[in-house]
Amino acid sequence: MQSDIQTLLEQRLPEIREAADQFGNAGIVMHKGQIIAQSQSGVRQKGKQNKIQSTDKWHIGSITKSMTASMIGRLVDKNQLDFDATIAELLPNQKSQIDIAWYPVKLIELLQHTSGAKGNFNIPTMLNNSFADETALLQAREKAVLGALSKSPQNAPNTTFAYSNLGYTIAAYIAEQATNKSWETLVQEELFAPLQLSSAGFGAPKGEQPWGHATRFFLFTSAADPQSPGSDNTPIIGPAGTVHMSIRDLAHYGQMHLDAMKGDTPFMSATTERRLHTPSELTKHNERYAAGWIVIPPRTPLDGEALFHNGSNTMWYAFLIVEPKHDIVAAFTTNTGTIEESEAKFGALFQDVLLKME
């Protein structure tokens, strides 16, 4: 089985790279906590000969959301936060600056995209990419969050599912206020360090690494220099999608969630695991969105629920799935923002991996 899946990755990743107009890609499969297959294909930059390496780092986009939710879950286990506490309770010192329509919104609703928050901050905030230091970033994040909270939510809270980078940034700001630490520090302390995700960082990976590729005017695709502010979204919304890491570390992160589903990790309590992995009542019959995860319903060849999330800043694409029945974690990445094509091809590859597990 192991050799079959290794051969499958080696054959299919180059085919996917061509079919989905990717410049480079990578894939990994873990079974029962062990890597059983890993491969990569293509180049780090368009027009260059520097090939993708097995240890390369990949921007994982909105998979970051599950990491923010996991970090908050750790704080809940430490009694520093409460999933069911409201914004009015969680931000008492800022209450006078917040529109009263936000007062009853619960922390868990921010993580489930049911808070009523709109998708993103305003354009000036989204274009604000350069900061002298972390203090300047935190001040800008606070200004953006409180500015958004000063206006009523786009939708009535807990009535509509609306995927929201803004909501996750509000949740992270709440964690910052509760701990007096930045989101960046919290994720490092509560996630990267205990899980030994040594490759993890923020923004487009720098150094001898793959570069993301931006398509302009639907025509011209070029490599995005990671030193350029335009190589990623603003770090203000970092909690919603600016983490990078190696594909091995991404798989090991997914393995922690698989272990949690089996009740086999000290990383989080069973109560927190259920809150993070259970779809909201509002979305359990449609979007099935939990806290940073989409819960895929049972269907062949899954034969059981699985956790899934993907991510893209339009210059990269990442795909992570946690599948308990076969005890599998699989991740696929590319340094190209061909989202729909990449998702379809990676999804089909994962289905074929499962079939070989039968």
Side-chain angles (χ1 to χ4, degrees), residues 1-13 16 25-39 58 60-67 69-70 73 191 195 197 245-265 267-268 270 272-279 283-284 286-312 317-334 342-358:
M1 177 189 70
Q2 182 171 342
S3 61
D4 288 347
I5 294 175
Q6 178 66 36
T7 299
L8 181 67
L9 294 192
E10 291 174 359
Q11 291 177 341
R12 292 283 290 282
L13 287 174
I16 289 172
N25 62 24
I28 193 167
V29 178
M30 293 184 72
H31 180 232
K32 296 183 177 180
Q34 301 297 317
I35 296 171
I36 62 168
Q38 181 179 1
S39 188
W58 302 87
I60 63 170
S62 286
I63 297 173
T64 302
K65 289 181 173 70
S66 71
M67 297 181 175
S70 298
L191 206 71
L195 295 179
L197 308 179
M245 62 179 58
S246 70
I247 197 166
R248 290 180 184 175
D249 278 350
L250 181 57
H252 282 295
Y253 166 71
Q255 183 65 41
M256 179 275 291
H257 278 275
L258 180 55
D259 292 341
M261 294 173 82
K262 297 188 295 183
D264 188 26
T265 177
F267 188 80
M268 66 177 67
T272 289
E273 182 274 327
R274 286 192 295 272
R275 297 304 297 273
L276 293 179
H277 296 160
T278 302
T283 68
K284 67 181 182 180
N286 35 64
E287 295 88 1
R288 295 179 62 84
Y289 203 94
W293 293 101
I294 298 165
V295 181
I296 301 176
R299 63 180 180 228
T300 302
L302 287 178
D303 294 330
E305 289 186 336
L307 301 177
F308 168 75
H309 216 287
N310 59 4
S312 176
Y317 178 77
F319 176 113
L320 177 63
I321 192 159
V322 175
E323 204 269 348
K325 179 180 182 291
H326 296 89
D327 214 341
I328 278 186
V329 174
F332 304 102
T333 55
T334 176
S342 295
E343 179 170 345
K345 299 299 182 182
F346 287 154
L349 175 54
F350 175 69
Q351 294 288 319
D352 289 342
V353 168
L354 287 187
L355 291 173
K356 287 192 176 294
M357 297 294 294
E358 294 294 329

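Residue numbers run from 1 in the order of the sequence given. Basis for what follows: all heavy atoms, side chains included, without hydrogens, waters or symmetry-related copies. Since this is a predicted model, take the numbers as computed values, not measurements.
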Return the [atom1] to [atom2] distance between [X] and [Y], rounded to the nearest 0.5 Å.
| X | Y | atom1 | atom2 | answer |
| --- | --- | --- | --- | --- |
| Arg12 | Asp352 | CZ | CG | 4.5 Å |
| Asp4 | Leu355 | CG | CG | 12.5 Å |
| Asn310 | Thr333 | CG | OG1 | 13.0 Å |
| Ser312 | Ile60 | OG | CD1 | 12.0 Å |
| Thr334 | Ile16 | OG1 | CD1 | 10.0 Å |
| Leu9 | Ile28 | CG | CD1 | 9.0 Å |

Side chains of [X] and [Y]: does their closest heavy-atom pair fall under 4.5 Å?
| X | Y | answer |
| --- | --- | --- |
| Leu276 | Met268 | yes |
| Met30 | Leu258 | no |
| Val329 | Leu320 | yes |

Short question: side chain of [X], backbone of [Y] - any donor-acceptor pair under 3.5 Å?
| X | Y | answer |
| --- | --- | --- |
| Thr278 | Arg275 | no |
| Ser246 | Asp249 | yes |
| Gln6 | Gln38 | yes |
| Arg288 | Val295 | yes |

Worksheet entry | Identified ring-ring contact (aromatic ring centres under 6.0 Å, His included) partner of Phe332 from the options Phe346, Phe350, Trp58 | Phe346

For [X] against [Y], the heavy-atom pair lying closest together:
| X | Y | value |
| --- | --- | --- |
| Gly292 | Ser66 | O-CB, 3.2 Å |
| Leu250 | Ala331 | CD2-CB, 3.9 Å |
| Ala260 | His277 | CB-CE1, 4.4 Å |
| Ala291 | Ala69 | O-CB, 3.4 Å |
| Thr265 | Met256 | CG2-O, 4.2 Å |
| Ile328 | Met357 | CD1-CG, 3.3 Å |

Practice prompt. Assert yes or no for the condition that the ring centre distance of Tyr289 to His309 is strictly below 6.0 Å.
Written response: yes

Item to complete: In sequence, state the C-alpha distance, the side-chain angles, and the governing distance for His326 and Val353, and then conclude on side chain to side chain contact (heavy atoms under 4.5 Å, CB included).
Response: CA-CA 10 Å; His326 296 89; Val353 168; over 6 Å; no

Worksheet item: In chain order, what residues pass the side chain to side chain donor-acceptor pair (under 3.5 Å) check against Asp259, with sequence neighbours excluded?
Response: Gln255

Discussion item. Using the rule given for side chain to side chain contact (heavy atoms under 4.5 Å, CB included), can you reason through Ile296 versus Ile321, listing the C-alpha separation, both sets of side-chain angles and the distance that settles it, and then say yes or no?
Written reply: CA-CA 9 Å; Ile296 301 176; Ile321 192 159; 3.7 Å; yes

Worksheet entry | Trace of the side chain to side chain contact (heavy atoms under 4.5 Å, CB included) decision for Met245 with Met67 | CA-CA 12 Å; Met245 62 179 58; Met67 297 181 175; 3.3 Å; yes

Item to complete: Show the numbers, then the answer: is there a side chain to side chain contact (heavy atoms under 4.5 Å, CB included) between His252 and Leu195?
Response: CA-CA 8 Å; His252 282 295; Leu195 295 179; over 6 Å; no

Discussion item. Is it true that, when you exclude Lys262 itself, more than 12 heavy atoms of the residues, nucleotides or ligands shown sit nearer than 6.0 Å to its NZ?
Written reply: yes

